[in-house]
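Atom set for the values below is all heavy atoms of this structure, side chains included, hydrogens, waters and symmetry mates excluded.
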Amino acid sequence: MKYNRNLPTRQVHLDFHTSPDIGNIGVHFSKEDFQEHLKIGNVESVTVFAKCHHSMCYYPTAVGVMHPGLSFDLTGAMIDAAHEIGVRAPVYITAGWSDEDAKAHPEWLMRDQSGCVITTEAYADGAENAPKQHFAWQMLCLNDGAYAKHIYDITEEVCRRYERVDGLFIDICVKGDACYCDDCRKGMAALGLDCAKEEDAKRYFVIKHQAFMKKCGDILKQYHPDATIFFNSGGAEIDKPEYHDLETHFEMEDLPTAWDGYNKLPLRAKYFIRKNKGIIGMTGKFHLDWGEFGGFKTKEALKAEVATMAFYGVGASIGDHLHPDGKMETQTYRNIGYAYDYSEKIAPYCFGGEPTANLGVYISGNRAADEGLSNILIENQLDYEVVANHNFADFDTVIFSAGAKLCDEGIRKLSAYIENGGKVLLMADALVRDGAFCIDVGAEYVGCSEFDCDYMVLTQKDEAVPDAPMLCNIAGHTVKVTDAEIFAHSITPYFSRTNGHFCGHQNTPHDKSSAQRPAIIKKGNVVYLSHNLPEDYFTYGAVFIKRYFMKALGLIYRGGVLKTRGLPSQARCSVRKQPEHKRYCINLLYYSPVKRGCAEIIEDIVPLYHIPLALSVPEKIRRIYLPLENRELDFELRGEEAVFTLPVLECHQTVVAEYE
């Protein structure tokens, strides 16, 4: 699908989910107020609402229901006001959640195999005056029935009504994986699919959601061929690649304080950046979650989040929620402006050019394993890229996450990569097919452990890890070594913990008399780790699990182009090469989110001082400086290394190294 590479990097997603029980909608909206706040926020693009989760439209409509408390075209007024000052204004249309539609048309609702309505977890029927939970909605079916046609009609009405539509943001598009409403049952039968078979229902769901996305895209392109389109809630998920080609760009929705934390972004960014489309990271001005009136992050927290997005090469979209009266909240846009002013300054050194990471990660689709691996690497200041299309030769070392599989062509390319000196680390059941390894690791694959946990110990003592068997909450797989060198063993417990067979409060102790099993082995340039340590780390967070993984990686990998020393685990480092400017751009981050109540927040930005760095590149470095401060840094050339000291790192710092 055609897309715009020059996607704005400073966006606001302006929610407007407004109950029909509230009156005087937009009564205090003014073009001047709207424009002034966009300027305060240094905003390049603002997503405005056409239809919300309450099913209300914010323009005169012949297809839907205009909000009863609104007397003018608010959507059009916001579009015109934004365009007048050079700000884009893509339009929001809800799809899968639409409350009044759900009440008026129960036949439009998604249903499970038993015929029950599919809802969000928080949804619960009850007394009219019972407290309403957050994010409590019924799901509507988009599988080509009457409701999907309603969304097509809304989409076409919006596209016809406005002379310039910059894009569409269609929300709640791919929730769940099957629907058994009457329309879906009939549709499956028409395609020769059996609704009694789960795999057929899931296949139909994908077919019809792809058709829904394509139809919406076709309508938009008919009227506005250069506009963007994104389908949220499924459109930017790693495990839903079947939908990625049907949108012009990706907006990675996340609210790190309340959702999945500050380490969710890196892997997703590195995965989607390889798609060669525009990428936006979404966060919110809220303390917790979408639609939170009166909740704020600190301006420093917003700056840290926006700088992090730029650090990973993606633009930013900050969520806000307009008050029903239409007046913008000044404090919100002061905070956004503080963050976006900084984002604008660092953009030349974060976007463009090419990554320099020589460490490749082949992801498996197991989120805990993949994100756990990402966390381990970035917490050790190791930059990486996601392997795409079997491009193993682009990397010094490739890591295969637990469960990773390769097709025949991929195995051939990987074998050739290893023969040419490429290095590989694989773990657990990665690259196992039909009970055997697909490459030579110096061992035969036996199978999964029969125990619920086990214990790991290095063959030689190391001060970085305990001098005793260390608990692995996820037991290692069993292999039989043929011609590999063993660097660590695992020791099994006496038995797995069950109701009828247990010891003490938690795990069963290790059985000192049991036979040791290979845990870390190496043959040539291939290292095999029998445990899924990244998932263990993601789930339980034991520091020594991370260190054991790094011991295994260190057997073959010697580091990237940037070497650091003494940085804490929350520090992040990356290097981009910009050949058109004959320079390397080094970006560093450091902030430490903490848990406060139910939220993970950023409050204190603590500076780090006198950080030793060494940049190892083939070109001769002629100048190193801090562009935001216009400050030169002294450095020393030691062969291919340019060695220097960064005076201070406070949240984020950019260093430029120019070469001859």
Side-chain angles (χ1 to χ4, degrees), residues 238-239 241 267 270-271 274 358-374 376-377 384-449 472 474-488 490 517-538 548-549 551-557:
I238 290 175
D239 62 351
L267 182 66
K270 289 178 179 296
Y271 175 86
R274 71 181 190 169
N358 61 4
L359 184 60
V361 168
Y362 193 96
I363 63 178
S364 68
N366 175 345
R367 182 195 163 200
D370 293 332
E371 287 194 25
L373 174 57
S374 174
I376 290 173
L377 297 178
Y384 71 89
E385 294 297 321
V386 170
V387 175
N389 302 318
H390 308 134
N391 62 329
F392 309 119
D394 292 346
F395 302 101
D396 171 88
T397 301
V398 176
I399 304 172
F400 287 87
S401 189
K405 307 297 180 187
L406 281 177
C407 62
D408 290 342
E409 179 188 3
I411 293 169
R412 286 193 295 271
K413 288 185 175 180
L414 181 64
S415 297
Y417 166 75
I418 295 170
E419 289 176 7
N420 290 325
K423 305 166 190 174
V424 170
L425 186 151
L426 65 158
M427 66 198 84
D429 58 347
L431 303 186
V432 172
R433 182 196 291 180
D434 298 327
F437 288 113
C438 295
I439 61 172
D440 184 4
V441 304
E444 297 173 358
Y445 183 77
V446 176
C448 298
S449 174
C472 296
I474 301 175
H477 291 240
T478 304
V479 299
K480 180 181 178 181
V481 168
T482 54
D483 57 347
E485 186 178 358
I486 300 174
F487 288 86
S490 62
R517 300 181 179 186
I520 300 176
I521 62 175
K522 178 177 181 290
K523 179 179 180 181
N525 284 342
V526 178
V527 169
Y528 173 72
L529 178 61
S530 70
H531 291 75
N532 184 359
L533 292 185
E535 182 168 352
D536 200 324
Y537 183 64
F538 180 87
Y548 262 97
F549 181 90
K551 289 296 176 186
L553 180 60
L555 294 174
I556 49 175
Y557 184 61

Nearest 0.5 Å, what's the CD1-CG distance between I521 and D483?
9.0 Å
With a 4.5 Å heavy-atom cut-off, do K480 and T482 have their side chains touching?
no
Side-chain contact, heavy-atom cut-off 4.5 Å: I399 with F549?
yes
L267 vs V386 side-chain heavy atoms within contact, under 4.5 Å
yes
Hey, are the side chains of F400 and L406 touching, using non-hydrogen atoms and a 4.5 Å cut-off?
yes
Does any N or O in the side chain of K522 come within less than 3.5 Å of the main-chain N or O of A484, such that one atom is a donor and the other an acceptor?
no
Can you name the residues that form a side chain to side chain donor-acceptor pair (under 3.5 Å) with K551, not counting sequence neighbours?
D462
Does any non-hydrogen side-chain atom of R517 lie less than 4.5 Å from one of S530?
no
Quick check: do D440 and I418 have side-chain heavy atoms less than 4.5 Å from each other?
no
With distance as the sole test, does N366 use its side chain to make a donor-acceptor pair with the main-chain N or O of A368 at under 3.5 Å?
yes
For the residue pair Y384 and L373, establish whether any side-chain heavy-atom pair is separated by less than 4.5 Å.
no
If I take atom OG from residue S449 and atom NE2 from residue H477, how far apart are they, to the nearest 0.5 angstrom?
8.5 Å
From N420 CG over to F392 CZ, what is the distance, rounded to the nearest 0.5 angstrom?
13.0 Å
Does anything in residues 427-437 pair up under side-chain hydrogen bond (donor to acceptor under 3.5 Å, both in side chains), and if so which pairs, sequence neighbours excluded?
D408-R433
Atom CG of L426 and atom CG of L431: how far apart are they, to the nearest 0.5 Å?
5.5 Å
Starting at CZ of R367, measure out to CZ of F538 and round the result to the nearest 0.5 Å.
4.0 Å
Pairs satisfying salt bridge (Lys or Arg N to Asp or Glu O under 4.0 Å), at least one member in residues 392-403, at least two apart:
D396-K423
Are the side chain of Y528 and the backbone N or O of A428 linked by a donor-acceptor pair below 3.5 Å?
yes
Any non-hydrogen side-chain atom of D370 less than 4.5 Å from a side-chain atom of Y271?
no
Look only at the side chain of S490 and the backbone of A519, and say whether a donor-acceptor pair between them is shorter than 3.5 Å.
no
